[in-house]
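Numbers restart at 1 for each chain; the letters A, B, ... are given by sequence-line order, proteins then strands.
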Protein chains: 4
Amino acid sequence: MSRGNTRQRIQDVALELFAEQGYEKTSLREIAERLDVTKAALYYHFKTKEDIVISLFADLGRPVDELIAWAEEQPRTLATKQEILRRYHVALMGALPLFRFMHENQATVRELSIGETFKARMTTLAGMIQDPGASMVDRVRCVSALFTMHAGLWLMQTVEGEEAEKRQAVLDVAIDLVTQAHRAEAG
Amino acid sequence: MSRGNTRQRIQDVALELFAEQGYEKTSLREIAERLDVTKAALYYHFKTKEDIVISLFADLGRPVDELIAWAEEQPRTLATKQEILRRYHVALMGALPLFRFMHENQATVRELSIGETFKARMTTLAGMIQDPGASMVDRVRCVSALFTMHAGLWLMQTVEGEEAEKRQAVLDVAIDLVTQAHRAEAG
Amino acid sequence: MSRGNTRQRIQDVALELFAEQGYEKTSLREIAERLDVTKAALYYHFKTKEDIVISLFADLGRPVDELIAWAEEQPRTLATKQEILRRYHVALMGALPLFRFMHENQATVRELSIGETFKARMTTLAGMIQDPGASMVDRVRCVSALFTMHAGLWLMQTVEGEEAEKRQAVLDVAIDLVTQAHRAEAG
Amino acid sequence: MSRGNTRQRIQDVALELFAEQGYEKTSLREIAERLDVTKAALYYHFKTKEDIVISLFADLGRPVDELIAWAEEQPRTLATKQEILRRYHVALMGALPLFRFMHENQATVRELSIGETFKARMTTLAGMIQDPGASMVDRVRCVSALFTMHAGLWLMQTVEGEEAEKRQAVLDVAIDLVTQAHRAEAG
DNA sequence: GATGAATGAGGTTTCATTCAT
DNA sequence: AATGAATGAAACCTCATTCAT
């Protein structure tokens, strides 16, 4: 039934459990049991528990890296900023469980070796949608735009309404915030 | 030997460590050692580890409860909504470590018995600054206002600038978001 | 409400819990809580946990000592043996929880300082209803008579029927066993 | 390193210690030390401490189950009853430490998950050697027959004499009790 | 590509007990 | 006659990890 896809299956189950229960509350035993393999099998594919998280990051976080790389070559126009948000939105939606995990386990992620990387990426991204000499209020607007998207993860669960509509609204508000900030500085 | 302040000291140290390292990574041994008492002493004052968190929430989260109680008796005007945000801001700033802990350990908090309560309070608060028939975008603006304040916790650490100025900016943006949402619906 | 009777109340509650849950599973905290006093209060009245058991033994086990003392001055006739069983039956019924506790916690009692005493009393009693040179089968009959009474504690809970009737039947069978043993040896 | 006999060795040592000191007084540390393995090794083979007891019961208690199954298909004649006792005697002698443990730790066993099962088996067995409409005295005789065998465990240690002779006497008395009960009802 | 057996460290919790007040 | 605060020891249990097979 299963051939060379065990590594993938481990990642899937691990992410599912990490997102659901948190990193520390999820034991390797649990992951192994759900896959119907032994714990030792996990160690054939990953060197440590942390390694599983790192691999998830490497695989699912790539789009954000690509987004940053792309953004670095664009002019800092309003259109670019808006496109950054749009692409970030796509990246987020493409790896919801991973971002949910990161958002809800910040204290844990901070201690992990990827913690630095994660924070750096967010800071870079925030820097890219802000203007260099922006007012504090406009700075906050930009950071808030990013957080609004993350907040969307929570929103999705508590506010009723159609999934697609909610996603669109989240993106709209984020773009609006950045636009306001841009206009205030440019005007 | 020591006076009746041990309970309080446990809470202080526990919150400090929980906020710094996360709930699961903080062991009772660590708390006890830092206080120079035995682990058993913690159990004289608190029935379980979870009980410590509950007590923190009960003591420091009270202002939010009071805010909700107050808000329930006000008319749903724009002024009220703005005042809710102002008061929430005060509550947040008065118990920064607790809210930082909650924000960064959501996965953990969700599993704790206070998880439900916490979520319910956030939902109630969100409901109070929204209009009943608001558009999805305006709904998101209101939720985003709340999250912007939480994001402030993160902001405080990553953006440079004067503390007081950052706090004020966070509040301003939040109020602005709610005001926009209100005007859109009322207009 | 309570005056000098705390010591008595501790004994009552302790025996109740010991009989119900076993000695080791019953903690001093539990006893104290049920009495609505602190654990330290128990230590005002008893030096150790074991001391509580010892005191129960001393108070409630006295009748058996008196029975032995009485029996030692009687001739070893059949009538005496029967009377021993009758009196033992009365002693048993007068302190059911204590005997239930002893019967169901033999492994524990053996380790307690009273363990020796307890065993010695049973052996003495067994010796008094046997004939010196009795056959092995008749010896067993006599020991069995004693155990039948203890078994009665269990019987009381599992067989249906009137309490008084069951008690009488238990005594009848015990007396019958000893009588058979006596006749076999005497005849 | 060691072959697949660790599980068995744990059971052996555990039963030995449980029978000797009681269940609660025997710690897993003690068992592990005597086997020269770590506590964690015990947990590889058994999920909990209670699980060890359950496994002992399952392995060594099987003969009693088989006896009950066999008895259920026999006619309720005197010969059957006598054979039940004979077979029960064999089962008992084949797992003396287990039954000694059960007998001397009734309070503990009652709280364990097997407690119900244990009691049920005894009750079933008792029911099988009684006549449906028997007098209370004859009922007691039958229960007493069973307890006499258990009493034998105690007897073995306190009365002097040859082992084989004592065993035989215990069985004889038990059979005699059931025979008397049967004749009384049938006659 | 995976298992079975085990470990070492450490976790939370409970217990009987003490003692100054 | 009893409490409040604390301790030291030890309990059961879980975890990430290792390694020979």
Side-chain angles (χ1 to χ4, degrees), chain A residues 2-7 10 23-32 35-52, chain B residues 1-7 10 24-32 35-52, chain C residues 2-7 10 23-32 35-52, chain D residues 1-7 10 24-32 35-52:
Chain A
S2 68
R3 253 207 314 292
N5 61 338
T6 301
R7 193 190 143 93
I10 293 172
Y23 177 75
E24 338 264 353
K25 289 269 278 189
T26 303
S27 68
L28 295 184
R29 179 177 53 66
E30 213 173 345
I31 296 174
L35 285 167
D36 207 37
V37 294
T38 60
K39 271 181 292 174
L42 306 185
Y43 279 88
Y44 178 79
H45 293 282
F46 299 94
K47 244 186 10 238
T48 66
K49 184 183 182 186
E50 188 170 345
D51 229 48
I52 300 181
Chain B
M1 202 159 263
S2 67
R3 279 198 318 291
N5 62 335
T6 301
R7 193 190 144 94
I10 293 172
E24 344 260 353
K25 291 270 276 189
T26 303
S27 69
L28 296 182
R29 179 181 52 68
E30 217 172 342
I31 299 175
L35 286 167
D36 204 39
V37 293
T38 60
K39 276 178 287 169
L42 307 185
Y43 278 90
Y44 175 75
H45 293 282
F46 299 95
K47 266 210 311 275
T48 66
K49 186 183 180 186
E50 186 171 346
D51 222 51
I52 300 180
Chain C
S2 68
R3 252 206 316 289
N5 61 339
T6 300
R7 193 189 141 92
I10 293 172
Y23 176 75
E24 339 264 353
K25 289 269 277 190
T26 303
S27 68
L28 294 185
R29 178 179 53 65
E30 212 174 346
I31 297 174
L35 286 167
D36 207 38
V37 294
T38 60
K39 272 181 291 174
L42 306 185
Y43 278 88
Y44 178 81
H45 293 281
F46 298 95
K47 245 189 7 241
T48 67
K49 185 183 181 185
E50 188 170 345
D51 228 50
I52 300 181
Chain D
M1 205 158 260
S2 67
R3 277 197 320 290
N5 63 334
T6 300
R7 193 189 143 93
I10 293 172
E24 344 261 352
K25 292 271 276 190
T26 304
S27 69
L28 295 183
R29 179 181 51 68
E30 215 173 344
I31 297 175
L35 286 167
D36 204 40
V37 292
T38 59
K39 274 177 290 167
L42 305 186
Y43 280 91
Y44 175 75
H45 293 281
F46 299 94
K47 266 208 314 276
T48 65
K49 186 182 181 186
E50 185 171 347
D51 223 49
I52 300 180

Here the gap from Ser27(A) atom OG to Lys39(A) atom NZ, rounded to the nearest 0.5 Å, amounts to 8.0 Å
Given atom CG of Leu42(D) and atom C1' of dT7(E), what is their separation to the nearest angstrom?
-> 12 Å
Quick one: CD1 on Ile52(B) to CD1 on Ile31(B), what's the gap to the nearest 0.5 Å?
-> 5.0 Å
With respect to the side chain of Ala41(D), which nucleotide from dA6(F), dG4(E), dT7(E) is positioned closest?
-> dT7(E)
Roughly how far, to the nearest 0.5 Å, is CG of Leu42(D) from OG1 of Thr6(D)?
-> 10.0 Å
Check: Thr26(B) main-chain N/O paired with Lys49(B) side-chain donor or acceptor under 3.5 Å | yes
In B/S/- notation, 5' to 3', how is nucleotides 10-16 of chain F contacted by protein heavy atoms closer than 4.0 Å?
-> BSBBBSB
Round to a whole Å and report the spacing from CG of Asp36(A) to P of dG1(E).
-> 18 Å
Separation of dA6(F) atom C1' from Tyr44(B) atom OH, nearest Å, is 8 Å
How many angstroms lie between CG in Leu28(B) and CD in Glu30(B), if you round to the nearest 0.5 Å?
-> 10.0 Å
Heavy-atom closest pair, residues Glu24(C) and Glu24(D) | CG-CG, 3.2 Å
Is the shortest heavy-atom distance from the side chain of Ile10(C) to the side chain of Val37(C) under 4.5 Å?
-> no
Whole-Å distance separating the CD1 atom of Ile31(C) from the P atom of dT14(E) | 17 Å
Please report, rounded to the nearest Å, how far the P atom of dA2(F) is from the NE2 atom of His45(C).
-> 4 Å
Find the distance Leu35(D):CG to dA5(E):C1' and express it as a whole number of Å.
-> 14 Å
Name the stems with DNA chain F in them: runs of three or more consecutive Watson-Crick or G-U pairs, distances under 3.5 Å?
-> E:2-21 with F:2-21
Ignoring backbone atoms, test whether Thr6(A) places a side-chain nitrogen or oxygen under 4.0 Å from the OP1 or OP2 oxygen of dA2(E).
-> yes
